[in-house]
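Accompanying notes for the structure given below.
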Amino acid sequence: MSFQPSFRKWFVLLGLSASVTCLGLTHAHQPPATKDQPKSESKTETPKAKATDDITSKIREEGLNKSQVMKTVLYMTEVIGPRLTNSPGLKRANEWTAKTLTGFGLENAKLEAWGPFGTGWTLKRFSAQVTDPLCIPLIGIPKAWSPSTEGVAKGDVVHLDATDEKGLEKFKGKLKGSIVLIGNPREVKALFEAPGKRHTDKELLAMANAPEPVQGGGRSGPQGKAATKKPEEPKKSAEPAKTKDAETRAADVVARARAGMSFPSRRLQFLLDEGAAVMLETSFKGDGGTLFVQSASVPQPAPAPGSEAPAGGRGMGPRVNAYDKNAPKTIPQVVITVEHFNRLVHMLKAGEKLKAEIEIAAELQKDDLMGYNTVAEIPGSDLKDEIVMLGGHMDSWHGGTGATDNAAGCAVGMEAVRIIKALGLKPRRTIRIALWTGEEQGLLGSRAYVGQQFGSIQGAGSGMDGMFASSMNPTAPIIKKPAYDKFQAYFNLDNGTGKIRGVHLQGNEAARPLFRKWLQPFVDLEATTITANNTGGTDHQSYDAIGLPGFQFIQDEIEYDERTHHSNMDVYDRLQADDLKQASTIMASIIWNAANMDERFPRKPMRRPLLTEAEAKSKKPETPADKKAESTDE
């Protein structure tokens with residue numbers, strides 16, 4: 001394989017701006033040489049700089065020309081297969097990755113428990129077809145944690161097109177034993193452009209020139225313009241306005257949830273009450289045989305007396321999940337391709353009477369409700385108590401084999417630490433890799449790990465509901481553990497198979513000079529963009545949420561959103577080998593630099609109070625009476 005510099009791209013970018021920070025090659029504040037001011041000669045390279053360059057060259061050689069990343073990701077996807085949280089497939093991946101990392105020379109490889117999560121689920125057998133008036137084999141996949149059918153479900157096909165409770169009335173008494181299509185046909189448009197894409201020069205330039213996020217922007221908490229300034233001390237008089245804003249946001253969420261979440265739950269309960277055999281639907285996107293499938297739905301509990309909010313929405317009480325140990329009964333559920341769904345609806349509307357046969361044989365695993373992350377280390381030397389981390393999530397959905405989401409990121413992380421061990425490098429700080437689980441259900445594994453090891457937001461629950469709830473209370477303190485102050489940084493890869501094009505600063509402007517320096521050796525590999533933009537939905541948020549440096553790399557899209565993310569086409573053959581080799585090489589270099597820098601990795605200014613566990617225990621909780629007294633004093 002060969003990585004050739006993209007000279008056209010460099011000339012375009014250099015011509016666009018002499019001070020674009022993504023390039024990392026020019027200094028905007030350095031004046032040009034004049035007749036009276038001769039050009040400065042290059043400085044003599046220091047021994048330390050030369051050693052760093054030598055190591056970078058060795059990392060490039062090992063990562064680009066002796067890579068094992070595709071061997072690693074092949075086994076995880078083609079052999080182990082899908083890795084649904086708490087399934088036997090994921091447990092096998094836990095054990096295999098720990099063994100493989102040990103084989104690479106890492107130490108302390110182990111499975112670390114978190115949870116409890118809930119039940120595992122494994123699909124044992126599935127078939128679906130229309131049998132009358134003609135045979136139509138259906139392309140589909142049962143939703144995860146869907147119950148099994150009672151043998152082969154045979155029944156009439158019915159299209160339930162109701163959009164409210166009134167619309168359900170006409171179906172009463174007509175659904176027993178039926179195969180029910182829910183929703184309406186979706187238009188399928190021709191693809192005049194290939195779904196595979198890379199970031200253009202224009203897109204990268206826009207990222208590089210993006211302003212810092214406004215305060216409160218991003219999914220991981222308040223970030224933005226104040227990130228490069230010392231935060232002003234909040235005035236007491238501003239506190240009621242802040243509380244008011246949080247209450248307004250919460251009310252907006254409740255209103256949206258009432259409109260968008262309550263009817264699907266009641267429709268599901270209606271199908272159960274009427275005795276329907278199977279529920280069929282199509283995914284919100286995808287065509288040509290590609291479908292997107294995740295978890296089965298279960299009826300949500302009714303609102304508490306006096307409450308207007310339906311259960312199951314963020315900020316409105318705990319959601320009931322299909323994987324919960326005591327999940328309520330639900331109906332077997334299958335996602336089919338849009339073309340097949342549309343055809344069945346069209347036939348029914350044309351007056352045809354359809355019969356179908358569907359079989360789902362699934363198995364629940366209830367013996368061990370805990371989840372497990374795989375963790376391993378390269379021990380440090382003089383700064384071994386300080387930690388640099390990297391990782392990706394190992395769990396996947398079940399429609400494909402979780403190749404781009406996220407066996408790719410796991411394999412890149414494993415390859416990065418393999419490169420360091422293969423070269424015999426000895427880091428100053430301990431390098432720790434973590435392969436997370438429960439990410440698809442709300443960053444559960446990484447959030448639990450960060451809480452166990454480093455700290456958490458006081459009162460925050462688990463998963464995305466907990467993350468959302470904590471954002472609704474921006475004054476809740478962070479309770480830190482002793483390892484909090486020894487933590488350096490976390491680097492995550494979880495946006496598909498695309499190569500690294502740069503990094504999201506996540507509001508940490510102080511890290512920009514470091515990334516500019518660390519990415520400079522990879523100009524020819526096109527990893528140059530540093531953006532102030534935030535990004536969400538990956539495990540770096542678990543660190544960022546409590547003020548620890550956590551970063552997700554910018555990656556080329558390839559076919560991620562359009563074709564592979566949570567789809568039945570998320571398989572090994574969609575992976576791009578050269579991109580993963582490039583990403584592994586850059587990841588290895590970044591974590592090596594972070595482990596060996598002299599100073600502490602910079603952190604964003606804190607927007608929450610930061611307390612030790614002892615301080616949190618001794619601190620008297622503020623009561624409503626205290627707030628009222630404080631307001632009176634003003």
Side-chain angles (χ1 to χ4, degrees), residues 9-10 12-30 197-234 238 241-242 245-246 248-249 252 467-468 471 474 489-492 494-495 498 500-520 523 526-538 540-541 543-557 561 590 601-608:
K9 179 168 289 188
W10 271 109
V12 170
L13 285 174
L14 287 169
L16 287 170
S17 173
S19 62
V20 174
T21 56
C22 74
L23 298 179
L25 298 178
T26 60
H27 299 277
H29 304 295
Q30 180 177 333
K197 294 179 174 64
R198 294 193 182 276
H199 285 303
T200 65
D201 298 336
K202 183 178 180 180
E203 291 169 344
L204 292 171
L205 185 61
M207 290 185 200
N209 288 336
E212 294 179 51
V214 297
Q215 184 171 347
R219 291 178 55 186
S220 53
Q223 297 161 353
K225 292 186 178 180
T228 56
K229 302 176 184 177
K230 183 178 179 180
E232 296 180 6
E233 289 295 326
K242 187 185 295 183
D245 179 63
T248 301
R249 283 187 290 158
D252 288 344
M467 189 175 285
F468 181 86
S471 72
Y490 172 75
F491 304 97
N492 194 76
D494 181 21
N495 279 160
I500 290 175
R501 305 304 300 275
V503 67
H504 295 273
L505 287 178
Q506 208 67 27
N508 190 347
E509 275 295 327
R512 187 183 291 272
L514 286 174
F515 282 118
R516 183 185 296 120
K517 178 181 177 182
W518 294 347
L519 290 174
Q520 196 279 332
V523 166
E526 302 180 307
T528 55
T529 301
I530 303 170
T531 180
N533 284 343
N534 295 336
T535 188
T538 76
H540 75 285
Q541 286 185 278
Y543 293 83
D544 185 71
I546 64 165
L548 294 176
F551 303 96
Q552 162 67 29
F553 291 97
I554 301 168
Q555 294 175 253
D556 274 335
E557 169 75 15
D561 284 335
I590 292 288
F601 197 98
R603 298 184 180 184
K604 297 185 293 188
M606 295 297 298
R607 299 192 182 283
R608 295 177 181 272

Side-chain heavy-atom pair Ile590, Leu519 within 4.5 angstrom cut-off: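 The answer is yes; the side chains approach within 4.5 Å.
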
Flag side-chain contact, heavy atom, 4.5 Å: Phe601 against Leu514: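 Phe601 reaches Leu514 side chain to side chain.
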
Going from [atom1] on [X] to [atom2] on [Y], what distance comes out if it is rounded to the nearest 0.5 angstrom?
{"X": "Thr529", "Y": "Arg516", "atom1": "OG1", "atom2": "CZ", "value": "12.0 Å"}
{"X": "Arg603", "Y": "Asp544", "atom1": "CZ", "atom2": "CG", "value": "12.0 Å"}
{"X": "Gln555", "Y": "Asn495", "atom1": "CD", "atom2": "CG", "value": "5.0 Å"}
{"X": "Asn508", "Y": "Phe515", "atom1": "CG", "atom2": "CZ", "value": "8.0 Å"}
{"X": "Thr535", "Y": "Gln552", "atom1": "OG1", "atom2": "CD", "value": "6.0 Å"}
{"X": "Ile546", "Y": "Met606", "atom1": "CD1", "atom2": "CE", "value": "8.5 Å"}

Step-by-step side-chain contact (heavy atoms from CB on, under 4.5 Å) determination, Asp201 to Leu205: CA-CA 6 Å; Asp201 298 336; Leu205 185 61; over 6 Å; no

For the student: nearest non-hydrogen atoms of [X] and [Y], plus distance:
{"X": "Pro549", "Y": "Pro602", "answer": "CG-O, 3.7 Å"}
{"X": "Ala532", "Y": "Pro211", "answer": "CB-O, 3.9 Å"}
{"X": "Ala511", "Y": "Phe551", "answer": "CB-CZ, 4.2 Å"}

Ionic contact status for Arg501 with Asp556, cut-off 4.0 Å: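 Arg501 and Asp556: salt-bridged.
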
Lys604 (side chain) donor-acceptor with Gln506 (main chain) under 3.5 angstrom: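 The answer is yes, because a donor-acceptor pair under 3.5 Å joins these two groups.
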
Exam field: side chain Glu203 to backbone Thr200, donor-acceptor pair closer than 3.5 Å: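 Yes: the side chain of Glu203 pairs with the backbone of Thr200.
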
Those residues that, when tested against Ala210, pass side chain to side chain contact (heavy atoms under 4.5 Å, CB included) (two or more places apart):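 Checked Ala210 against side chain to side chain contact (heavy atoms under 4.5 Å, CB included); matches are Thr531, Asn533.
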
Donor + acceptor pair across side chains of Glu557, His199 (<3.5 Å):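 Glu557 vs His199: no donor-acceptor pair found between side chains.
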
Steps toward side-chain contact (heavy atoms from CB on, under 4.5 Å) verdict (Ile500, Ile554): CA-CA 6 Å; Ile500 290 175; Ile554 301 168; over 6 Å; no

Tyr543: partners by ring pair (Phe, Tyr, Trp, His ring centres under 6.0 Å), with sequence neighbours left out: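 If we apply the ring pair (Phe, Tyr, Trp, His ring centres under 6.0 Å) test to Tyr543, skipping adjacent residues, the hits are Phe487, Tyr490.
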
